[in-house]
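A short write-up of the structure that comes next.
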Amino acid sequence: MEISVVIVIVSIATALVSCWTWRILKWVWFKPKMLESYLRRQGLSGTPYTPLIGDLKTDFSMTMEARSKPIKLTDDISTRVLPYPVKMLNTHGRTFFTWFGTTPTITIMDPEKIKEVFNKVYDFQKPHTFPLATLIASGLVAYDGDKWAKHRRIINPAFHLEKIKSMIPAFHQSCSEVVGKWDKVVSDKRMPCEVDVWPGIVSMTADVISRTAFGSSYQEGQGIFELQGELAQLMRQSFLKAFIPGYIYLPTKDNKRMKAASREIHVILRGIINKRLRAREAGEAPSDDLLGILLESNSGQARGNEMSTEDVMEECKLFYFAGQETTSVLLVWTMVMLSQHQDWQARAREEVKKVFGDKEPDTEGLNQLKVMTMILYEVLRLYPPLTQMTRAIHKEMKLGDLTLPGGVQINLPTLLVHRDTQLWGSDADEFKPERFKDGVSKATKGQVSFFPFAWGPRICIGQNFGLLEAKMALSLILQRFSFELSPSYAHAPYIVITLHPQFGAHLVLHKI
Ligand code: HEM
């Protein structure tokens, strides 16, 4: 009897161990090798598979090496920002595959294929290869299929141009506060002086999103921004260590802090949203900020079709991250480019003076700023805040002349496409806003070769918001100052989720 119990236990244990061994072998070896030979049969060129870590280690060391020193302003930033993809592009050509751990990732440079990926949102989905990313931004940007469609429909009204227009006074207030602080620094010294404009820009865009998202509760919302900044830095460190198997699940100091910061953000948001829901019940809540419009739109949905309070919290968290990071990055590189290209700075100021004089910028005027729009597009081309985007496919799919197996990822390398000489000409690396004088479709000859806000049904919902905010901030800056690069400025774009200036942006501000 005892012997038969032992035999049963040993048999079950053996079956379990064999099952797990098979699963691990399949994950680490058989599936990647099967996908690799599938891709090679398609004629695709790429790196050979290294078990478990794929190309993460090489990518990591090349990135660390590249960011160890600044570059010249005239250098192509791609080799500093994305050294590994650039090397692969030069080695394997315009469609190639590399390995994100055990997952093959196909990079495509062809605008027709990029368009197809962006348009077929149900087939090319968001990847979920980095679970910690949801701590910082989940919500609309991370969902797929019907859940994405439902959330997009409910959130859309918050970003209608008419609604954004009513937020212009909040843009003005936040931007003039920071510009006023710079003004005081320069006035106190009574001479042109050096300012690192990056921290000011970061707090300006955080203030804008706090005011426009939460109206009168904006001070409570500001804590979220600091916690998200901390999360982004910690996540960047984790991301680069992702080649250590299971690293992100270990109870390290950083991983624990990330989870704690995320919990703190939830507590603040829950407080703001519950307060607003109570005010709505009492008929006292404002409905002109993003949260108000979102709750209004949500309450108009059919029963069972609305978002839960948890869902609303995720979306607010996303507004903070998506709205603040991207616009601050756009503004800082615009100031750097205008410092380097004084002729364009003078043209932009002339236009601002012509449209507004010394008066407060208004929506109508902001929409007339043609030169500024050209400049912002050119900065978004050369310094796209999101340098690449990824999509995943879960079943066999056609993509142009390729047939791709389920289980691979597609990488859309925004920065490399935006600076591609085949698509933009031999001067692709030069700052020439005149490319956009007749609009985006003329500049791109109707191709999907410019997509700083993505493309198709999932195009950035906040693009008008971000562009109007940037125009407001720049108008106020150009009305008050002229600026140039300080001798201490070091050009060092690097990725902290978006494209940050590694050593800040030290400019010399002259009061006008
Ligand atoms: C210069 C400013 C901005 C840039 C360059 C930018 C860029 C992008 C890009 C590239 C995506 C697509 C990401 C992907 O699909 O992988 C995106 C999506 C999104 N952005 Fe923006 N963004 C900007 C401003 C904003 C602002 C101000 C907000 C909100 C306040 C915002 C909210 C969102 C949201 C919610 C999505 C998800 C849309 C969806 O999946 O349906 N963005 N943005």
Side-chain angles (χ1 to χ4, degrees), residues 114 117-122 124-128 130 133 137-145 147-156 158-160 163-164 167 170-171 174 201 204-206 208-214 221 225 228 289-291 293-294 311-312 314-334 373 375-377 379-392 409-415 417-418 448 450-474 497-499:
I114 293 173
V117 171
F118 276 136
N119 274 337
K120 294 184 174 166
V121 292
Y122 277 79
F124 295 93
Q125 301 196 338
K126 291 298 175 101
H128 299 282
F130 190 52
S138 174
L140 190 65
V141 79
Y143 300 147
D144 283 301
K147 180 157 186 178
W148 166 76
K150 171 179 136 181
H151 280 232
R152 180 99 189 187
R153 195 185 59 243
I154 298 175
I155 299 168
N156 257 336
F159 290 93
H160 280 170
K163 298 287 183 191
I164 297 173
M167 296 171 191
F171 290 179
S174 309
I201 288 174
M204 177 195 291
T205 52
V208 166
I209 203 75
S210 289
R211 280 180 206 275
T212 49
F214 301 128
F225 158 71
Q228 280 199 327
D289 54 31
L290 290 173
L291 177 60
I293 305 166
L294 190 61
D311 285 342
V312 174
E314 281 307 326
E315 299 304 344
C316 290
K317 212 167 87 179
L318 174 61
F319 292 162
Y320 254 86
F321 182 74
Q324 189 277 326
E325 269 282 323
T326 47
T327 316
S328 56
V329 163
L330 168 60
L331 275 170
V332 77
W333 295 120
T334 305
T373 307
I375 291 172
L376 289 172
Y377 282 157
V379 174
L380 285 167
R381 185 180 72 81
L382 291 170
Y383 294 82
L386 282 172
T387 54
Q388 22 190 11
M389 282 169 253
T390 317
R391 298 292 188 264
Q409 291 189 160
I410 311 288
N411 177 35
L412 309 169
T414 318
L415 178 67
V417 174
H418 283 189
V448 184
F450 177 70
F451 46 91
F453 297 103
W455 191 269
R458 290 198 83 142
I459 195 162
C460 172
I461 206 168
Q463 64 169 314
N464 290 324
F465 182 115
L467 284 173
L468 269 176
E469 179 187 348
K471 285 180 187 175
M472 170 65 83
L474 283 172
I497 304 180
T498 56
L499 192 60

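Indexing begins at 1, ligand by ligand and atom by atom, following the structure's order.
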Quick one: which ligand 1 atoms are inside 4.0 Å of a heavy atom on [X]?
| X | value |
| --- | --- |
| Ile209 | 30 (C) |
| Leu318 | 35 (C) |
| Lys126 | 14 (C), 15 (O), 16 (O) |
| Leu330 | 1 (C) |
| Arg391 | 14 (C), 15 (O), 16 (O) |
| Arg152 | 38 (C), 39 (C), 41 (O) |
| Leu386 | 9 (C), 10 (C) |
| Phe159 | 29 (C), 30 (C) |

Min side-chain heavy-atom separation [X]-[Y] under 4.5 Å:
| X | Y | value |
| --- | --- | --- |
| Leu290 | Met167 | yes |
| Trp148 | Lys126 | no |
| His418 | Pro452 | yes |
| Asp311 | Lys147 | yes |
| Thr414 | Phe451 | yes |
| Phe465 | Thr212 | yes |
| Asn119 | Pro457 | yes |
| Ile410 | Thr390 | no |

Please write down residue, atom name and distance for the protein heavy atom closest to [atom].
| atom | result |
| --- | --- |
| atom 18 (C) of ligand 1 | Cys460 CA, 3.7 Å |
| atom 32 (C) of ligand 1 | Ala322 CB, 3.5 Å |
| atom 12 (C) of ligand 1 | Ala454 CB, 3.6 Å |
| atom 34 (C) of ligand 1 | Ile461 CG2, 3.8 Å |
| atom 26 (C) of ligand 1 | Gly323 CA, 3.4 Å |
| atom 24 (C) of ligand 1 | Thr326 OG1, 3.3 Å |

Which of parallel (below 30°), tilted (30 to 60°) and perpendicular (above 60°) describes Trp333 and Tyr383?
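Rings of Trp333 and Tyr383: parallel, under 30°.
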
Ligand 1 contact by Trp148, heavy-atom criterion under 4.0 angstrom:
yes

Determine whether any heavy atom of Arg458 lies closer than 4.0 Å to an atom of ligand 1.
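Yes, Arg458 has a heavy atom closer than 4.0 Å to ligand 1.
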
Do the side chain of Gln125 and the main chain of Gly145 share a donor and acceptor less than 3.5 angstrom apart?
no

Can you check whether Lys317's main-chain N or O pairs, donor with acceptor, with Gln228's side chain at less than 3.5 Å?
yes

Phe465, portion touching ligand 1 at heavy-atom distance under 4.0 Å:
side chain

Nearest non-hydrogen contact with atom 7 (C) of ligand 1 belongs to which option: Pro452, Ala470, Pro385?
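Selected option, by shortest heavy-atom distance: Pro452.
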
